[in-house]
Novice: 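This is the structure I have questions about; it appears just below.
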Amino acid sequence: MPELPEVETIRRDLDRELGGKRIERVTAGGVRSIRRHRDAAEFAAALVGRTVKSVGRRGKYLRIPLGGSHREDEPDPEATLVIHLGMSGQLLLAAAGDATARHTHVVLGFDGGRELRFVDPRTFGEVFVTDDQTRDLARLGADPLEDLRNWTELAELLHGRTTKLKPWLMDQRFLAGIGNLYSDEILFAARLRYDRPAETLSPAEVRRLFRSMTEILQAAIASRGSSLADEQYRDVFGAIGQYQRQHRVYGREGEACPRCRRAIVRVKTGGRSTFLCVRCQR
DNA sequence: ACGCCCGCCTGTAAGC
DNA sequence: TGCTTACAGGCGGGCG
């Protein structure tokens, strides 16, 4: 659900809304959401008194470098607040008095009574503070929008990989940020089948894949991400995204392919649904 | 670093 | 009507 475009939408808004702000209060009711920490008190102690330097992103992870320890003589320049939304995580900006949604697990209180709330029904997401960014994020591969400059760099990554294209796109160690929804949209735009071994792509096909990846992700960010029927994805203001209107295959089983009018097919691979046009994608 | 399954979770919807 | 089942899919771990 939240993939690169949704996380990037959240990142941009949070950076604007919270950059430079000081964390004054922390409450963590959901133990599972802060499972990397010993307990809520230890988690809170790592955050209270610190400021949000900026809000960054790597793949689907939000990275928030923290400044200004309350012990000014003992700053911890490496401390970073890391947030992963998992399947159902939301980050919502609210006023202190606003009603609290069900499954609100972590609340960061800022000066002026504003709050950042982490809501996550299925608790696959997590929030943690680390001074060792490498251990948790170093395994992530290239960010498709930040780190890949041209199609030849994509060709290098694909070289010698026998993995099928879709699992390859979704493997965060190769590329970071693409999940089930956007891999289907990217592969349709590139006219490539999900099960093509990665190493078999011709240069022309790699170029198509690169262009499609860049264009789809940027268009999805421009539309503030995708909210599906459950409207689980919300931006920090609680609004849904709009990119679902432009989905061409995802969730459109039986509908006409936008290119050739043949019915979109749904197949099960690796336990998850893949949507494609068997005529257009080869 | 292949391909696949499982476990972790809850909300929703389809099926009987 | 109400119960059961399937599905949604991020990620880490484990197996052959």
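Computation of the quantities below employed the complete heavy-atom set of this structure, encompassing side-chain atoms and omitting hydrogens, waters and symmetry-equivalent molecules. Labels below follow one simple rule: chain letters A, B, ... track the order of the sequence lines, proteins then strands, and each chain is numbered from 1.
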Novice: From C-beta outward on A:P121, which listed nucleotide comes closest to its side chain: B:dA1, C:dC11, B:dT10?
Specialist: B:dT10
Novice: Rounded to whole Å, how long is the line connecting atom CZ of A:R173 with atom C1' of C:dG13?
Specialist: 11 Å
Novice: Kindly write out the residues that satisfy salt bridge (charged side-chain N to carboxylate O under 4.0 Å, His left out) with A:R234, not counting sequence neighbours, or none if the list is empty.
Specialist: A:E231
Novice: For DNA chain C, what residues of residues 155-165 of chain A have any heavy atom nearer than 4.0 Å?
Specialist: none
Novice: Given A:T269 and A:K166, is the side chain to side chain donor-acceptor pair (under 3.5 Å) satisfied, shown in steps?
Specialist: CA-CA 10 Å; A:T269 52; A:K166 178 165 175 173; 5.4 Å; no
Novice: Among residues 179-196 of chain A, which residues get a heavy atom nearer than 4.0 Å to DNA chain B?
Specialist: none
Novice: Who pairs with A:D195 by salt bridge (charged side-chain N to carboxylate O under 4.0 Å, His left out), at least two apart in sequence or on another chain?
Specialist: A:R193
Novice: What are the atom names and distances for every N/O pair under 3.5 Å that joins the protein to nucleotides 6-8 of chain B?
Specialist:
unit_1	atom_1	unit_2	atom_2	d
B:dC8	O3'	A:R32	NH1	3.4

Novice: How long is the straight-line distance from CZ of A:R117 back to CG of A:L108, given to the nearest 0.5 Å?
Specialist: 11.5 Å
Novice: Provide a list of protein-nucleic acid N or O atom pairs under 3.5 angstrom, restricted to nucleotides 14-16 of chain C.
Specialist:
none

Novice: Could you give the NZ-to-P distance, from A:K60 to C:dG10, as a whole number of Å?
Specialist: 5 Å
Novice: Has the side chain of A:Q172 got a donor or acceptor atom that lies under 3.5 Å from a matching backbone atom of A:G177?
Specialist: yes
Novice: Give a yes or no on this: more than 12 heavy atoms of other residues, nucleotides or ligands lie within 6.0 Å of atom CZ of A:R196.
Specialist: yes
Novice: Can you name the side-chain contact (heavy atoms from CB on, under 4.5 Å) partners of A:T27, sequence neighbours left out?
Specialist: A:V107
Novice: May I ask you to say what A:K268 touches in the nucleic acid, namely base, sugar-phosphate or nothing, with a heavy-atom cut-off under 4.0 Å?
Specialist: sugar-phosphate
Novice: Would you say A:Q232 reaches B:dG11's phosphate, i.e. side-chain N/O to OP1/OP2 under 4.0 Å?
Specialist: no
Novice: Stems in DNA chain C: runs of 3 or more consecutive Watson-Crick or G-U pairs, distances under 3.5 Å?
Specialist: B:2-8 with C:10-16, B:10-16 with C:2-8
Novice: Between atom CZ in A:F174 and atom C1' in C:dC11, what is the gap in whole Å?
Specialist: 15 Å
Novice: Just call it for A:S88: base, sugar-phosphate, or nothing, with non-hydrogen atoms closer than 4.0 Å on any strand.
Specialist: nothing
Novice: Calculate the interatomic distance between A:M87 atom CE and C:dC7 atom P; express it in whole Å.
Specialist: 14 Å
Novice: Which whole-number value in Å describes the distance from A:Q90 CD to B:dG11 P?
Specialist: 12 Å
Novice: With A:L66 as reference, evaluate A:T51, A:L81, A:T80 under the side-chain contact (heavy atoms from CB on, under 4.5 Å) test and give the passing residue.
Specialist: A:L81
Novice: Quick check against the 3.5 Å criterion: does A:Q246 have a side-chain atom that pairs as donor or acceptor with the backbone of A:A220?
Specialist: no
Novice: Calculate the interatomic distance between A:H84 atom NE2 and C:dG12 atom C1'; express it in whole Å.
Specialist: 12 Å
Novice: So what does A:R35 touch, heavy atoms closer than 4.0 Å: a base, only the sugar-phosphate, or nothing?
Specialist: nothing
Novice: Quick one: ring pair (Phe, Tyr, Trp, His ring centres under 6.0 Å) pairs with a partner in residues 260-282 of chain A, sequence neighbours left out?
Specialist: A:Y250-A:F275
Novice: Can you see if the side chain of A:H103 gets near the phosphate of B:dG11 - specifically, an N or O under 4.0 Å from OP1 or OP2?
Specialist: yes
Novice: Quantified in whole Å, what is the P atom distance between nucleotide C:dA6 and nucleotide B:dC5?
Specialist: 15 Å
Novice: Under 6.0 Å from the six-membered ring centre of A:F128 and within 45° of its axis: does the NZ or CZ of A:R36 meet both?
Specialist: yes
Novice: With clusters built from Ile, Leu, Val, Met, Phe, Trp and Tyr whose side-chain heavy atoms come within less than 4.5 Å, directly or transitively, what are the remaining members of the cluster of A:V119, listed by chain and number?
Specialist: A:L92
Novice: Mind calculating the distance between CZ (A:R122) and P (B:dT10) to the nearest angstrom?
Specialist: 10 Å
Novice: Do the side chain of A:H105 and the main chain of A:R32 share a donor and acceptor less than 3.5 angstrom apart?
Specialist: no
Novice: Under the ring-ring contact (aromatic ring centres under 6.0 Å, His included) test, which residues partner A:W168, sequence neighbours left out?
Specialist: A:F174
Novice: Under 4.0 Å between a side-chain N or O of A:R139 and OP1 or OP2 of C:dC11?
Specialist: no
Novice: With no hydrogens and no angle check, do the side chains of A:S226 and A:Y182 hold a donor and an acceptor under 3.5 Å apart?
Specialist: yes
Novice: Do A:S54 and A:D15 have a side chain donor and acceptor closer than 3.5 Å?
Specialist: no
Novice: Would you kindly give the CE-to-P distance between A:M170 and B:dA1, to the nearest whole Å?
Specialist: 19 Å
Novice: Return the set of residues passing side-chain contact (heavy atoms from CB on, under 4.5 Å) with A:T152 (not counting sequence neighbours), or none when no residue passes.
Specialist: A:N150
